[in-house]
Amino acid sequence: MTKAKRAKQPKAPKPRLPRGLQDIDSKPFTQQINMVSQLASLCEAHGFCALDTPALEYADVLGKFLPDAERPNEGVFALLDDDEQWLSLRYDLTAPLARYVAAHYDQLPKPFRRYQWGWVWRNEKPGLGRFRQFMQFDVDTVGASGAQADVEMCMLAADFMEALGIARGDYLLRVNNRKILDGILLSLGLDPDDAAYEMRRLTILRAMDKLDRLGMDAIRLLLGAGRKDESGDFTEGAGLGAAAIDKIVDFLQTDDKDRQAVLNRLGTHAQDKGKGAELVKIGLHELALMDELLTQLGYGAERVLFDPSIVRGLDYYTGPVFEMSLNMSSAKSQTGDAARVGAIGGGGRYDGLVARFKGVAIPATGISIGINRLMAAREAMGAMTEAEQEAGKARLVVVLVMDKTRLGDMLALVQQLRKAGIQAELYMGDGGMKAQLRYADIKGAALALIEGEDELAKGVITIKDLALGRQKAAEIADNAEWRASQHAQQQVKKEALIAMIQQKLQIN
RNA sequence: GCAGCCUUAGCUCAGUUGGUUAGAGCGCUUGAUUGUGGAUCAAGAGGUCCCCCGUUCGAACCGGGGAGGCUGUACCA
């Protein structure tokens, strides 16, 4: 566009995208569809039902983050409807599930087991592997209080990873119990009636949650006076005394290599008298039940481990909590970024969520997988299922248009190819032969078919092997030799065309 | 939110300690060689130097404000 023309339309919008949102083009989108359908069929095999719910819900139904007029978009994306009611884009799939269960409780089978995937939105600062729109895949069992339901979630999470080609040992589901965490806090001697207790509890839990990322020394600082990060910014600590810090640090040790070892070690924290130790004891008992089932079913500590530093979100979890992480050491981390993808999923037991609507507590447990993060991590790890390798191969055949009076014949040829199970398209543009081959190249097609004057006269079709041609090009630097190299193509009789294409596609 | 750094072509970046017409590589378009993509050669298109205000004879460059981005940190249902 010339400058003069530009001046006439000065307000041409830039084709920009809001931060934290992304286009997903052909290859990753196809991969995403494949991943979701693999997980969905696993869920179906377990007897979970599919469910879909709308992206928009009433803000008060989603709970917390209720928008106010001044800051309607704090944390969530919200908008005021015509009737002056606040709507929010869902920020997870669990709150809508609670709404759905409460609304249809009478008709649903109890326990109600459903799986669901969809986009969710969070209005937060995006970062590495964090977006403002991302896809979650959730599986939940509502109305089951026993450890078997939690254990099923753990096993399913592990099965998910393996179904997606992530090798055993490259993923780890770490499990903790909120009752243990709350019990430990109580036994620190903090007074729950103290006005500052809740703040302090959050600060401590948040500090514990950071063990993975910051290391134990930083955790000591965060539990005590506070910590200064590398930009010089200061984070206020919990202000605990040395004895309390030591107790927590001891609790957090994560050297244990199997689940029984964790249970034994944490058992020492259950021996004191008092409410705190009592809670710890209950939590440990729940974990012990899970361990028993997991062990019987062959899910060892290399897949599902107990880890006292797992906290997960602070709000609705009431019992076991899970977090799925990947061992990225096998990743080809060119930049080092790949190694820090963070948790790719999590979940736990939330016995209070449906009670918001029904008044009676309905126990529930579930997991949630972050599809986008998982996809990025798999890419870095080079995890590929056979189906994906198959799908990633060049299969497309592009038929060129050499003579526009013969479009009908060409379309018929393409149809014939498709009937034979060959992925094929006719060039739809206006370009000449050069443009058409460039099109086939950019599409990553395997073959191009040419039926021009010469071929028509001879009753043949030219098959051009694009991949082979590219490979030859890489070896040639001289123009004359290039011209002599004859384009990696061959002519076949029309009757033999389909058989030849099928043969060529197999070899590729 | 807080802190630090950054913003020049589609991308990655040069640039003049303030001086007229702002550059490179890659990419893109067109052409040559073949009815033929990818190699090679040639030509071309593409810029409000993030935006606004100020200082100055003169600002991409200096000052102020704003926006956007990156990194760390906080929050993360």
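Chain naming here is simple, since letters A, B, ... match the order of the sequence lines and numbering starts at 1 in each.
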Going by purine N1 to pyrimidine N3 plus the second Watson-Crick contact, or the G-U wobble pair, all under 3.5 Å, which nucleotide sits opposite [N]?
| N | result |
| --- | --- |
| B:rC11 | B:rG25 |
| B:rC75 | none |
| B:rG4 | B:rC70 |
| B:rG54 | B:rC62 |
| B:rA32 | B:rU40 |

Once you apply a heavy-atom cut-off of 4.0 Å, does [X] come out as touching a base, just sugar-phosphate, or nothing?
| X | value |
| --- | --- |
| A:Leu400 | nothing |
| A:Glu455 | base |
| A:Lys210 | sugar-phosphate |
| A:Leu353 | nothing |
| A:Arg213 | sugar-phosphate |

How far does the [atom1] atom of [N] sit from the matching atom of [M], given to the nearest Å?
| N | M | atom1 | result |
| --- | --- | --- | --- |
| B:rU8 | B:rA24 | C1' | 13 Å |
| B:rU17 | B:rC11 | C1' | 30 Å |
| B:rG10 | B:rG46 | C1' | 9 Å |
| B:rA9 | B:rC52 | C1' | 23 Å |
| B:rU29 | B:rG68 | P | 33 Å |
| B:rA59 | B:rC53 | P | 13 Å |
| B:rG31 | B:rU71 | C1' | 46 Å |
| B:rA22 | B:rA45 | P | 14 Å |

Atom [atom1] of [X] to atom [atom2] of [N]: distance rounded to whole Å?
| X | N | atom1 | atom2 | result |
| --- | --- | --- | --- | --- |
| A:Lys434 | B:rG31 | NZ | P | 7 Å |
| A:Gln491 | B:rG35 | CD | P | 13 Å |
| A:Glu236 | B:rU73 | CD | C1' | 14 Å |
| A:Leu466 | B:rA39 | CG | C1' | 15 Å |
| A:Asp430 | B:rU30 | CG | P | 13 Å |
| A:Leu222 | B:rU73 | CG | P | 11 Å |
| A:Met433 | B:rU30 | CE | P | 16 Å |
| A:Leu21 | B:rG68 | CG | P | 14 Å |

Quiz item: Can you find a pair of side-chain heavy atoms, one from A:Leu374 and one from A:Met161, that are under 4.5 Å apart?
Solution: yes

Quiz item: Side chains of A:Leu400 and A:Tyr439: closer than 4.5 Å at any heavy-atom pair?
Solution: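 Of all side-chain heavy-atom pairs linking A:Tyr439 with A:Leu400, none is under 4.5 Å.
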
Among [options], find the nucleotide with the atom closest to the side chain of [X].
| X | options | result |
| --- | --- | --- |
| A:Met402 | B:rG37, B:rA77, B:rG35 | B:rG35 |
| A:Asp454 | B:rG35, B:rA77, B:rG37 | B:rG35 |
| A:Arg206 | B:rU73, B:rC75, B:rU30 | B:rC75 |
| A:Tyr91 | B:rA77, B:rG37, B:rA74 | B:rA77 |
| A:Glu124 | B:rU30, B:rU73, B:rA77 | B:rA77 |
| A:Arg438 | B:rU30, B:rA74, B:rA77 | B:rU30 |
| A:Arg470 | B:rG37, B:rU73, B:rA77 | B:rG37 |

Exercise. Assess the side chains of A:Asp81 and A:Tyr58: does a donor N or O sit below 3.5 Å from an acceptor N or O?
Key: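 Their side chains do not contain a donor-acceptor pair, so the 3.5 Å distance test is not met.
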
Quiz item: Do you see a donor-acceptor pair shorter than 3.5 Å between the side chains of A:Thr462 and A:Glu455?
Solution: yes

Practice problem: Quick one: sort the A:Phe137 and A:Trp117 rings into parallel, tilted or perpendicular, breaks at 30° and 60°. | Solution: parallel

Quiz item: Which sits closer to the 5' end of RNA chain B, A:Trp121 or A:Asp441, going by the nucleotide each is nearest to?
Solution: A:Asp441

Quiz prompt | 5'-most by nearest nucleotide on RNA chain B - A:Gly20 or A:Asp92 | solution =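 Taking each residue's closest nucleotide, the earlier one in sequence belongs to A:Gly20.
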
Quiz item: Counting only N and O atoms by type, is there a donor-acceptor contact under 3.5 Å from the side chain of A:Thr365 to the main-chain atoms of A:Ala149?
Solution: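 Pair absent, no side-chain N/O of A:Thr365 close to backbone of A:Ala149.
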
Self-check item: Donor-acceptor under 3.5 Å (A:Tyr427 side chain, A:Gly431 main chain)
Solution: yes

Exercise. Taking the six-membered ring for Trp and the full ring for Phe, Tyr or His, determine whether the centres of A:Tyr115 and A:Phe48 are under 6.0 Å apart.
Key: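 No: the rings miss the under 6.0 Å criterion.
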
